[in-house]
Amino acid sequence: MTIQAHIESLAKKHGALEEKLHTALASPSVDDKEILEIKRLKLRLKDEMERLRSSTRH
């Protein structure tokens with residue numbers, strides 16, 4: 001898998017988590033721990049994408 005393909009894969013996962021987060025925020029039955037976990041996962045993916053992008057620029 002190329003770095004660009006890996007970044008695209010991570011971006012798709014990030015988008016899916018974004019949708020999951022919106023659904024969770026709209027549902028009163030979802031607890032704060034689950035919302036925080038989704039946000040942590042999104043941030044981890046974003047950081048990984050940025051790391052990969054910066055490594056391809058050098």
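Just so it is clear, the structure is predicted and the values come from calculations on it, not from any experiment.
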State, yes or no, whether a side-chain contact exists between Met49 and His6 at a heavy-atom distance under 4.5 Å.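 A side-chain contact under 4.5 Å is absent here.
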Are Glu50 and Asp47 packed together at the side-chain level, in the sense that at least one heavy-atom pair is separated by less than 4.5 angstrom? no
Exam field: side chain Ser27 to backbone Thr23, donor-acceptor pair closer than 3.5 Å: no
Does Arg51 offer a backbone N or O that forms a donor-acceptor pair with the side chain of Ser54 under 3.5 Å?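 Yes; judged by distance alone, with no hydrogens or angles, the pair exists.
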State yes or no: do Leu43 and Leu10 share one hydrophobic cluster built from I, L, V, M, F, W and Y residues joined by side-chain heavy-atom distances below 4.5 Å, directly or via other members? no
Within a radius of less than 6.0 Å around CG of Asp32, do more than 12 heavy atoms belonging to other residues, nucleotides or ligands occur?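 No - once you tally the heavy atoms of other residues, nucleotides and ligands closer than 6.0 Å, there are 12 at most.
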Minimum-distance pair of heavy atoms, taken over all atoms of Val30 and Ala24: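 Looking at all heavy atoms of both residues, the closest pair is CB-O, 3.6 Å.
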Distance (rounded to the nearest 0.5 Å) between Leu25 CG and Ile35 CD1: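 Result: 4.5 Å between the selected atoms.
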Got a second to check how far Ile7's CD1 is from Thr2's OG1, nearest 0.5 Å?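 Result: 8.5 Å between the selected atoms.
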Pairs of donor and acceptor atoms involving the side chains of residues 11-18, under 3.5 Å and at least two apart or interchain, shall be tabulated with distances.
unit_1, atom_1, unit_2, atom_2, d
Glu18, OE1, Lys42, NZ, 2.1
Glu18, OE2, His22, NE2, 2.8

